[in-house]
Colleague: 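One structure, pasted below without further comment.
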Amino acid sequence: MKETVFGAVRISEHVWWVGAADWNVRNFHGYLTDRGSSYNAFLIVDEKVTLIDAVKAPFTKEMLDRVASVIDPEKIDYIVSNHSEPDHSGGLPEVIAAVKPEKVFASVIGAKTLAAYYGELNVTPVKTGDTISIGSGNLAFVDTKMLHWPDSMVTYYDADKLLFSQDAFGMHLAGSMMWADEYDKSLLEYEARKYFANIINLQAPKVLALLDSLPGLGLDIQMVLPDHGPMWRTQEDIAWILSLYRDFAEQKPRPRALVAYATMWHSTGILATAFAEGVRSAGVEVHLADLAENDRSSIMTHVAYSGLIAFGAPTMNNQMFPAMADTLCYVKGLKPQNKLGFAFGSCGWSGEGAKQISAELEAMGVEQPEKFIQVKYMPTADELTAIRDCGKRLAEQLLEKCK
Amino acid sequence: MKKYVCNICGYVYDPEVGDPANGIAAGTPFEELPDDWCCPDCGVGKDDFAPEE
């Protein structure tokens with residue numbers, strides 16, 4: 001142990017947090033992280049000193065400094081990489097070179113992925129059911145393939161009853177406080193929802209299967225330690241985040257609407273406002289978002305939370321306005337389920353935009369009880385009334401669907 | 001009939017089981033899967049599959 005600028009935070013008898021907060025990251029591969037993020041890494045000081053996960057490359061020295069505040073980093077015997085994405089593995093090559101661990105463990109696919117990223121690191125592959133003794137306790141591994149990468153796994157440490165859950169149950173939220181019970185719950189719910197919607201939503205059926213299989217694993221879990229954001233240390237909080245995940249994954253329709261639009265000369269913007277007014281008049285909460293001012297990850301968060309999703313765009317060069325194509329491409333990949341949808345738009349001469357949006361919604365399996373509305377140049381009073389009434393009817397159908 | 005393994009995520013296509021969730025009946029050989037069929041786990045196409053060794 002030595003005096004270092006960056007200290008470790010003790011979280012249980014054998015385990016210290018040695019990660020890093022990334023306060024100012026705002027663009028996390030296109031995800032707007034408006035509260036920053038963090039990369040949680042963990043040091044287990046048992047007979048075999050073990051590092052669980054690493055950090056994004058620029059934070060490697062900070063992590064090693066935190067380790068050094070507890071133990072000489074060269075005493076690290078084992079490293080476990082639960083997930084090969086560079087925000088957790090970027091620091092691995094430098095750590096391995098500095099520490100020369102006896103063994104590095106990852107899932108079977110993780111071993112291949114790490115080699116593809118960094119060259120041969122002599123990773124020992126492990127799979128569900130494998131355990132390794134590290135002294136007073138064992139590490140047990142559970143494959144969580146496609147949650148959210150093919151290589152993903154989680155690790156359980158039985159001595160301190162901790163689940164290192166990798167990206168699952170995490171969120172992008174930088175903070176100096178370590179624990180979920182030190183944060184406002186509505187903030188945690190929002191950031192967990194945004195994280196799930198933008199990272200995990202397409203694998204929702206696998207999340208439900210995993211949640212169903214958890215009790216059968218017979219693990220006594222006292223803390224859940226994700227790789228991003230605050231950690232969960234009370235039974236109440238663990239039950240809360242598990243139930244939130246079930247809720248997110250089930251994607252039951254909610255009496256809430258999103259109207260997302262792009263606009264050039266504000267015609268589509270006026271249509272969007274009129275549609276939203278119709279939704280509101282039926283007593284359904286509605287959120288209006290201009291794509292020029294709202295990034296796609298924020299739009300996706302609303303998509304996940306809304307039973308009715310309406311998209312509107314002008315036609316430009318015979319195509320839907322490009323910002324809408326970007327948003328729909330992103331939303332489609334995340335496979336939202338159980339949605340009512342609606343497409344609209346304005347044009348000068350050839351109006352392909354609304355039709356193209358409608359086709360994209362169709363391809364996503366979004367139910368569209370109303371035909372798309374396309375207007376020319378500036379919507380007339382009658383057209384505005386028509387789209388407002390359409391919003392009202394769809395909101396009423398949504399309320400029926402939510403019963 | 002031969003099983004095929006996804007090179008990306010390790011999913012095994014077993015022709016005796018098919019992929020009923022995606023409309024592929026039991027008994028469909030890998031070679032007869034539609035061109036646009038993709039791995040039900042990770043989403044890659046047929047080109048990323050290899051016969052199980």
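Throughout, a chain's letter reflects where its sequence line sits, starting with A, and its residues are numbered from 1.
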Colleague: Other residues, nucleotides and ligands only: do more than 12 of their heavy atoms fall within 6.0 Å of CD on Glu250(A)?
Modeller: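 Enclosed: over 12 neighbouring heavy atoms sit under 6.0 Å from CD of Glu250(A).
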
Colleague: Within a radius of less than 6.0 Å around NZ of Lys335(A), do more than 12 heavy atoms belonging to other residues, nucleotides or ligands occur?
Modeller: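 No - once you tally the heavy atoms of other residues, nucleotides and ligands closer than 6.0 Å, there are 12 at most.
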
Colleague: Heavy-atom count check: over 12 atoms from other residues, nucleotides or ligands less than 6.0 Å from Lys46(B) NZ?
Modeller: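 It does: Lys46(B) NZ has more than 12 such atoms within range.
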
Colleague: Just verifying a value: how many Å separate Lys145(A) NZ and Ile8(B) CD1, rounded to the nearest 0.5 Å?
Modeller: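 One finds 11.0 Å between NZ of Lys145(A) and CD1 of Ile8(B).
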
Colleague: Using a 4.5 angstrom heavy-atom cutoff, name the option from Cys9(B), Cys42(B), Gly43(B) with the most pairs to chain A.
Modeller: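 Winner by heavy-atom pair count: Cys9(B).
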
Colleague: Please name the pair of heavy atoms, one in Asp41(B) and one in Gln203(A), separated by the smallest distance, quoted to 0.1 Å.
Modeller: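 That would be O-NE2, 3.3 Å.
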
Colleague: Other residues, nucleotides and ligands only: do more than 12 of their heavy atoms fall within 6.0 Å of CG on Asp35(B)?
Modeller: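 Incorrect, the count does not exceed 12.
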
